[in-house]
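Order of appearance sets the numbers: ligands from 1, and atoms from 1 within every ligand.
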Amino acid sequence: MKFTRALYVFGFRKPHKTKSSNQNQSCIHTLFHQRPPQMNKFLCLPILATASNLAFALFFLRSTPGASAQGIPAQHEGVGGVSVCMNTLEEGSCQSDAARNISIEEAILASDDPNLKEMPDHNGFKAYVRPDISAFYQEKPGRKPSAHRFNGQAGKFINMTPERFNLYWDSGRGHGHFTGSANGWEATGTATFPTHKFFYGKTPDPNQALCSFEVKEGTSVYFCDPYGDDHGEPGRASVQERRNLNDLSSRDRDFWRKHKYNIEFGEDYKAFTNGVEWLGMYGRDPPRHKIWAADYFGQEHHVTTKETQFIEQPPWDELPSITPAARKEDEEVPLKQYRSPESTMNITLKAVSCAPRIFEMRNFISHAEADHILMLSNRTHELHRSSTGDSKQPSEHDNTRTSENTWVYRHETPIIDAAYRRVADVLQVDEALLRQRQNDEWPDFGTKSTIAEPLQLVHYFPGQEYTSHHDFGYDRMSSVHQPSRSINVLLYLNDVEEGGETSFPRWFNAETTGGLDVKPEKGKAVLFYMLLPDGNSDDLSQHAALPVIKGEKWMSNLWIWDPYKD
Ligand SMILES: O=C(O)CCC(=O)C(=O)O
Ligand SMILES: [Fe+2]
């Protein structure tokens with residue numbers, strides 16, 4: 001009997017069933033992903049002309065608030081108000097009487113991605129199946145993907161015990177190097193390479209390890225299971241001590257079964273997706289927030305925002321710290337006298353990679369804004385040696401990340417607030433989600449706190465770098481929502497004389513065995529997604545900050561979480 005079926009026989013709760021959108025929204029999968037009223041990709045709508053707002057209309061498309069079960073955020077999707085693209089679309093779409101029309105270009109819900117395909121035997125789960133490489137070049141099938149020179153990959157290590165363990169990298173020197181820790185039934189991980197060795201233990205002594213692993217090419221998921229007696233599964237650790245499943249509480253046995261099921265699901269997922277490892281926990285929903293399509297190299301999207309750029313830095317005493325709040329439709333942007341005279345700003349997102357999904361946005365912030373962020377770091381912030389891991393679980397300092405950094409909060413000045421509002425418009429999320437919310441804002445969302453991290457401001461001197469890594473983590477496997485970093489909007493704050501590129505060594509392409517190196521240019525933003533449209537973490541989003549060769553480099557990371565930040 002297949003393991004899955006055996007679990008059902010033993011009463012293990014079936015994973016959530018996905019229903020089509022016109023069925024009752026009763027399970028977690030669908031609760032999260034109710035669709036908003038269907039919109040066409042481009043809508044041509046007559047302008048709602050008022051004296052002060054001739055060329056602009058505000059759209060809030062909100063579905064009826066759904067029931068909130070177990071504190072689960074119900075879907076409240078919609079255009080966040082200002083992601084409106086005016087008359088910039090392809091010919092014929094809106095051209096007649098152009099001045100009286102506006103067009104909305106919409107990112108799509110992850111759950112509507114056209115490359116999601118239903119996997120048999122998994123209750124309607126739709127896996128993201130990467131298109132043939134030729135599609136990315138807008139050609140008929142026939143192109144061959146390039147092999148990568150770089151052979152790094154994700155390593156996820158699941159702790160299938162109720163106890164907390166540390167993960168150590170075993171470099172063969174007799175003691176392990178701490179890499180992260182994982183609570184019971186959770187996982188931790190790192191970017192790694194074939195033949196690298198790791199162990200789960202309570203001390204750095206490899207002889208006292210509970211589980212030891214050796215990384216194999218093509219296998220990213222490793223598990224430490226002292227309770228199971230299966231053998232030969234890829235990823236299984238060698239275990240020092242056998243344990244009896246009956247010694248676990250029934251709650252812990254359920255976790256164990258859930259992981260066993262997940263491993264089996266991962267094998268099916270890998271077969272179905274032609275070799276992509278499942279790095280999540282089965283039952284994770286697709287990302288809740290919208291994603292921009294990257295169907296081919298060079299694809300462009302156009303967004304217009306009211307959040308215009310500062311072209312001059314206001315005097316310091318006109319830059320108080322603020323409490324970011326919702327703006328009224330006709331409310332003017334603050335400190336208008338220091339901003340560009342236009343009433344709106346156009347932003348172009350250009351796909352530079354389809355897998356992973358990466359967009360460049362040139363001049364996303366102005367030079368004055370970039371200088372402002374740097375000035376803040378001088379005036380009010382102290383830089384510290386950077387660590388790896390996310391803010392909750394920083395790892396010890398090591399030579400993989402040699403830069404210094406600090407954190408800059410949205411409320412610190414109106415200019416930082418403007419950058420967050422612009423990011424919200426580009427991502428087509430309500431700016432309220434990128435801050436602490438009032439009780440009447442998104443009452444069904446489940447949390448009141450922001451889904452965005454503060455700006456992480458990073459400085460590199462020549463020789464400093466951040467070697468290849470992923471920005472996502474693996475903890476909170478036991479939560480059905482598995483909160484995860486999902487998007488990074490990276491801002492370059494100066495021009496670097498030489499080096500310092502952000503490199504994506506595993507980009508899927510048919511041209512080169514090398515990485516996609518994005519050159520830092522003052523004001524440019526890079527938006528990349530680290531979750532696939534099916535909710536899996538995207539191993540291809542691995543990236544590095546290459547060493548600065550000449551000059552220095554200032555950049556910032558703005559991470560957005562999905563479905564919320566825990
Ligand atoms: O500096 C860069 O270009 C990338 C930095 C980065 O990936 C990170 O800080 O996570
Ligand atoms: Fe990163």
Q: Looking only at protein heavy atoms, identify the closest one to atom 5 (C) of ligand 1 and say how far it is in Å.
A: Y460 OH, 3.5 Å

(Q) Among all the protein's non-hydrogen atoms, which is closest to atom 3 (O) of ligand 1, and how far away is it? (A)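 Residue, atom and distance for the closest contact: T502 OG1, 2.5 Å.
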
Q) Where does D471 meet ligand 1, judged by heavy-atom distances below 4.0 Å: at the side chain, the backbone, both, or neither? A) side chain

Q. Which bit of F528 is near ligand 1, meaning a heavy atom under 4.0 Å away: side chain, backbone, both or neither?
A.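 None of F528 does.
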
Q | Face-on cation placement of R130 at F508 ring, 6.0 Å and 45° thresholds | A | yes

Q: Establish, yes or no, whether the cationic atom of R485 lies under 6.0 Å from the six-membered ring centre of F472 and within 45° of the ring axis.
A: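 Relative to the ring axis of F472, which defines the angle, R485 lies outside at least one limit.
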
Q: Nearest 0.5 Å please: distance from the OG atom of S486 over to the CG atom of L532.
A: 11.5 Å

Q | Matching residue for I291 among I108, D112, I487 - test: side-chain contact (heavy atoms from CB on, under 4.5 Å) | A | I108

Does any N/O atom on [X] come nearer than 3.5 Å to any N/O atom on ligand 1?
{"X": "K553", "answer": "yes"}
{"X": "W559", "answer": "no"}
{"X": "E501", "answer": "no"}

Can you confirm if the aromatic rings of [Y] and [X] lie within a centre distance of less than 6.0 Å?
{"X": "H411", "Y": "Y409", "answer": "yes"}
{"X": "F359", "Y": "W292", "answer": "no"}
{"X": "F199", "Y": "Y168", "answer": "yes"}

Pull out every atom of ligand 1 sitting under 4.0 Å from any heavy atom of [X], numbered as shown with elements.
{"X": "A545", "result": "1 (O), 2 (C), 3 (O), 4 (C)"}
{"X": "H469", "result": "6 (C), 7 (O), 8 (C), 10 (O)"}
{"X": "Y466", "result": "6 (C), 8 (C), 9 (O), 10 (O)"}
{"X": "M555", "result": "1 (O), 2 (C), 4 (C), 5 (C)"}

(Q) Before you tell me yes or no, could you show the steps for Y338 and I415 under side-chain contact (heavy atoms from CB on, under 4.5 Å), namely the whole-Å CA-CA distance, both residues' side-chain angles and the distance that decides it to 0.1 Å? (A) CA-CA 10 Å; Y338 301 106; I415 300 184; over 6 Å; no

Q: Work out which heavy atom in L493 is nearest to a heavy atom in A370; give both atom names and the distance.
A: O-CB, 3.7 Å

Q. Applying a strict 4.0 Å limit to heavy atoms, is V458 in contact with ligand 1?
A. no

**Q.** Vertex the Fe ion (ligand 2), rays to NE2 in H543 and OD1 in D471 - rounded to 10°
**A.** 100°

Q: Specify whether an N/O/S atom of H469 falls short of 2.8 Å from the Fe ion (ligand 2).
A: yes

